[in-house]
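Written out below as structure tokens is the structure these notes cover.
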Amino acid sequence: MFEINIAVFIFSLIGVLLVGGVIGFFLARWLLKREMQKNPPINEKMIRVMFAQMGRTPSEKQIREIMRNMNKQ
């Protein structure tokens with residue numbers, strides 16, 4: 001029957017987990033960057049456009065207040 005040294009098994013397991021963690025980190029980072037380029041977070045220009053679509057002209061105070069509330073969440 002096939003026998004494996006326990007130390008070799010443990011080091012192999014730790015190595016596989018580390019490599020998987022590193023690959024997972026870089027893959028997640030790449031996917032997040034790609035998603036942020038496709039769908040950027042909301043900015044002041046987008047808020048002005050939303051108000052214009054509703055037929056309103058927002059003041060700077062309203063825009064800053066909305067941005068502050070968005071950043072809180």
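Since the structure is predicted, the reported quantities are computational estimates derived from the model, not experimental observations.
Chaining together hydrophobic side chains whose heavy atoms lie under 4.5 Å apart places F25 alongside V22, F26. Under the 4.5 angstrom side-chain criterion for Ile, Leu, Val, Met, Phe, Trp and Tyr, the cluster partners of W30 are L27, L31. Residue V19 belongs to a hydrophobic cluster whose other members are I23, with links defined by side-chain heavy atoms closer than 4.5 Å.
Atom CG of L13 and atom CD1 of I6 lie 13.0 Å apart (nearest 0.5 Å).
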Would you tabulate the side-chain donor-acceptor contacts of residues 39-46 under 3.5 Å, counting partners in other chains and residues two or more places apart, or write 'none'?
residue	atom	partner	partner atom	Å
N39	ND2	E35	OE2	2.7
N43	OD1	K45	N	3.2
N43	OD1	M46	N	2.9

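Residues meeting the salt bridge (charged side-chain N to carboxylate O under 4.0 Å, His left out) test with E60, sequence neighbours left out: R48.
Q62 approaches T57 most closely through the heavy-atom pair OE1-O, 4.3 Å.
Applying the salt bridge (charged side-chain N to carboxylate O under 4.0 Å, His left out) test to pairs two or more places apart or on separate chains, none has a residue in residues 63-73.
Around atom CE of M70, no more than 12 heavy atoms belonging to other residues, nucleotides or ligands sit under 6.0 Å away.
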- Decide yes or no on side chain to side chain contact (heavy atoms under 4.5 Å, CB included) for I66 and F51, but give the supporting numbers first. CA-CA 11 Å; I66 291 171; F51 269 85; 3.3 Å; yes
